[in-house]
Amino acid sequence: MSAPRESVRLDGQGALRRSHLATEVGPALVDGEVVVMGWVHSHRDHGGVIFVDLRDRSGLLQLVFRPDVASRAHARAEELHREFVLAARGVVRPRATEDINPKLPTGEIEIEVHELCILNSAVPPPFAIENETEVDEQVRLRHRLHDLRRPVLQNALALRHRVYQSVRSTLAGQGFLEIETPMLTKATPEGARDFLVPSRQYPGAFYALPQSPQLLKQLLMIAGFDRYFQIARCFRDEDQRADRQLEFTQVDLEMSFVAVDDVLQLLEALTARVFAEAGGVALPRPFPRLSYADAMLRYGSDCPDTRIELELVDLTDLFRESDFRAFHSVVESGGIVKCLPVHDADALSRGELDRLELFVRKELGARGLAWIRVGADGAWQGPIVKFLSESERAQIARRTAAQPGSLLFFQADSFEHANTILARLRSDLGARLGRSDGRAWAPLFIVDFPLFVREEGRLQSAHMPFVAPLDEDIPLLESASEKVRATHYDVVLNGNELGSGSLRNHRSAVQRAILSILGYAKDQMEQQFGFLLNALDSGAPPHGGFAYGLDRIVMLLAGTDNLRDVIAFPKTQRGQELLMESPGEVARAQLDELHLRVVRERGES
RNA sequence: GGGGCGGUAGUUCAACUGGUUAGAGCACCGGCCUGUCACGCCGGAAGUUGCGGGUUCGACUCCCGUCCGCCCCGCCA
């Protein structure tokens, strides 16, 4: 950090009051007097005349200082440096034709300054306040104030504001009440790792920050509010990603007396309206619906980017009886075999195939990357070709529609792993080979998720334990748990999960049955979910809802692939906020009050 | 928990296979300049090569450890 510029004499704002934002000044105001305030974006001192580009949140405006017109203002202008804060009173002048700057919205005019107040000095910025500036993100986050002055971030946060406003007006117009729920709440056994807040008054007890307002909004339904929403901050202490922050914002909503279709209709209308109002984007309607099973089958993902014109092919049954041990043994032990066919793939060289294999092995943990290339003469090449029987080749060729120029990628692995790897290959190759269908926006609903998934032998909630099963599947709860479909639904846009929701269990018997299948004994159930079960027994209406990841919506509308670009003060991947440097240590006395003692591992200082 | 990429001046980058005093653009500071808008010209300052250790006559470069950033797997109901 540089030292402050102490030698600069500063002016008070005095009687000057801003009359216009920078870009509100235009040709219509020529010869009128204006007062503008903002930052020195750049200055060009010609010895005589001085030009200053003034920047405020609306944009840039050129100020002119002439020694012969206003000598005092001109003299002061000689002291300016970048990012100084100033107030300027002057007269709007048209520029000579040859002096018009077409790159600026205000390029046809300029302000001939008569009075200049230097409201504050500024140390030189660590990097240029320009959109084009490519600066290391660590530097940007440490100097977030300067970063936030860049137009892209100003625009992103303005866009975010419009999303808030549109959500509020749309939902309020649909009869939703905005209700806040507590941030200091109770830890729940399910779900992500909680952020804990130690209690001063109850030694050894902790509040938890909400992972979502899930249970509270259900209680609001039971209390009879009928339609609720909240723009809610949520906290999950898990490892971060480009599209995941420790704290993030949900548009959380819940409604009573509805079926799945009612919620989906509302979600479609809300999503379309917010994208139109806040981002000027017309989403194509109606949103197609895709079952979870089909999504996994065709795309290997439950949030596919359906614009990519590549689809997976399942070949598991082909290798149930096969002499190709590598694939056969995977199928025998419960895994799957799938293929990603890429036609007209001559652009992918042998060297690139090797790099792809290295990539999926090292970064995605794949066992390998089997591939088959169909030559111009129709001959099959590749390391696994020799292990395939005549009929297997024929079947593969038929199902993948292989033709000269095709490249077939195979994964034989667990359902999850094989799909994760092929889904990633699909999107990477789709981008690299330009296999998009050209649509800008591809929204869809994913429906018919399973209620349970088996993990390490045990049944777990696919999403969370309060999701209601489809009515017709309730008889299967005990007998064929894994076949039970959930009322759960996701909204997916361009390969991003925008949010998810479901109908909830409003009958305590069903809720108890599900908890029991999840392995909760009766007393555990009462201890951990007693308040919910009691609530259900006190007259719970059928209800369901949804939660959008608001940050992701803004991210997509802003055209970035990084959540940190749409959050004013985001955290790094390791959870630090570099401007204020949180988290930070606290004084011993603070810990004592909270009845806490820090235990350091060996080697920590 | 694991994998990949990266860290050299304020900033963006360079510095061969280990070899003189670690360079350049922009920014910054000073001077000059009355129509620039990537202003121009002249001059200047600016570095613990993330940190610690090792190998070597010699380390930005090689080795080990560690910290930080980004991306991904796991994780995130």
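Keep in mind the model is a prediction, meaning the values are calculated, not measured. Here is the naming used below: chain letters follow the sequence lines, and residue numbers restart at 1 for every chain.
One finds a side-chain N or O of R82(A) lying less than 4.0 angstrom from the OP1 or OP2 phosphate oxygen of C28(B). Contact annotation: R241(A) side-chain N/O to C73(B) OP1/OP2 distance is under 4.0 Å. For G2(B), the OP1/OP2 oxygens have no side-chain nitrogen or oxygen of K362(A) closer than 4.0 Å.
Among the heavy atoms of the strands lying under 4.0 Å from Q62(A) is at least one base atom, whether or not backbone atoms are also near. Here Q573(A) lies in heavy-atom contact (under 4.0 Å) with a base. Contacts of A462(A) with the nucleic acid, taken as non-hydrogen atoms under 4.0 Å apart, involve only primed sugar atoms and P, OP1 or OP2. The residue E110(A) sits close to a base: some heavy atom pair falls under 4.0 Å. If you check every strand for non-hydrogen atoms under 4.0 Å, F51(A) touches a base. Within the nucleic acid shown, S212(A) comes within 4.0 Å of at least one base atom, counting heavy atoms only. At a threshold of 4.0 angstrom between heavy atoms, the contacts of R564(A) are confined to the sugar-phosphate backbone, with no base atom among them. Residue contacts shown for Q214(A) include a base, since a base heavy atom lies under 4.0 Å away. When heavy atoms are screened at a 4.0 angstrom cut-off, R361(A) is found touching no nucleic acid atom at all. In this structure, H417(A) reaches neither bases nor backbone, as no heavy-atom distance under 4.0 Å exists between it and the strands shown. Among the protein residues, P126(A) comes within range of the sugar-phosphate backbone only, with heavy atoms under 4.0 Å from sugar or phosphate atoms but none that close to a base.
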Verdict with supporting geometry, L369(A) and Q411(A), side chain to side chain contact (heavy atoms under 4.5 Å, CB included): CA-CA 7 Å; L369(A) 179 64; Q411(A) 282 296 306; 3.6 Å; yes
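As rounded to whole Å, 15 Å separates atom C1' of C73(B) from atom CG of L422(A). Remark: P of G74(B) and CZ of F415(A) are 13 Å apart, rounded to the nearest angstrom. In this structure, K571(A) atom NZ and C76(B) atom P are separated by 21 Å, rounded to whole Å. The separation between D136(A) atom CG and U8(B) atom C1' is 13 Å, rounded to whole Å. Whole-Å rounding puts the E238(A) CD to G1(B) P distance at 13 Å. Between the CD atom of Q245(A) and the C1' atom of C75(B) there is a distance of 16 Å, rounded to whole Å. Spacing between atom CD of E363(A) and atom P of C72(B) amounts to 10 Å, rounded to whole angstrom units. Rounded to an integer number of Å, the gap from CG of L246(A) to C1' of C76(B) is 11 Å.
Distance check on atom P: C63(B) versus A45(B) gives 37 Å, rounded to whole Å. Look at the P atom in both C60(B) and G52(B): the space between them is 13 Å, to the nearest Å.
Side-chain atoms of R95(A) come within donor-acceptor range of the base of U36(B), with a qualifying N/O pair under 3.5 Å.
Which of C68(B), C70(B), G30(B) sits closest to the side chain of H81(A) comes down to G30(B). Nearest to the side-chain atoms of Q576(A) among the listed nucleotides C28(B), G69(B), U34(B) stands G69(B). You'll find that the side chain of R574(A) is closest to C67(B), out of C72(B), G74(B), C67(B). For R244(A), the listed nucleotide lying nearest its side chain is C76(B); candidates were G69(B), C76(B), C73(B).
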Pair up each side-chain donor or acceptor in residues 496-503 of chain A with any protein partner under 3.5 Å, not counting sequence neighbours, and list the distances.
from: N496(A); atom 1: ND2; to: L493(A); atom 2: O; distance (Å): 3.4
from: N496(A); atom 1: ND2; to: N494(A); atom 2: O; distance (Å): 3.2
from: S502(A); atom 1: OG; to: R504(A); atom 2: NH1; distance (Å): 2.8

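E247(A) and K571(A) are joined by a salt bridge, as a carboxylate oxygen and a charged side-chain nitrogen come within less than 4.0 angstrom of each other. Ion pairing between D565(A) and R140(A) holds under the 4.0 Å rule for side-chain N and carboxylate O. A salt bridge links D53(A) and R44(A); the closest N-O separation between the charged side-chain nitrogens and carboxylate oxygens is under 4.0 Å. R93(A) has a carboxylate O that lies under 4.0 Å from a charged side-chain N of D31(A), or vice versa, which qualifies the two as a salt bridge. Checked for salt-bridge contact, D428(A) and R432(A) miss the test: no charged N lies under 4.0 Å from a carboxylate O.
Along RNA chain B, the nucleotide nearest to S461(A) and the one nearest to V64(A) differ in position, and the one closer to the 5' end is contacted by V64(A). Residues L104(A) and F359(A) each lie close to RNA chain B; by heavy-atom proximity, the contact nearer the 5' end of the strand is made by L104(A).
Looking only at side-chain heavy atoms (C-beta outward), Q230(A) and K217(A) stay at 4.5 Å or farther from each other.
Ring geometry for F195(A) against F235(A) counts as perpendicular: the plane angle is over 60°, on a 0 to 90° scale with 30° as the lower cut.
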Could you write nucleotides 39-46 of chain B as a row of B, S and -, 5' to 3', where a protein heavy atom under 4.0 Å of any base atom gives B, of only sugar-phosphate atoms gives S, and otherwise -? B-------
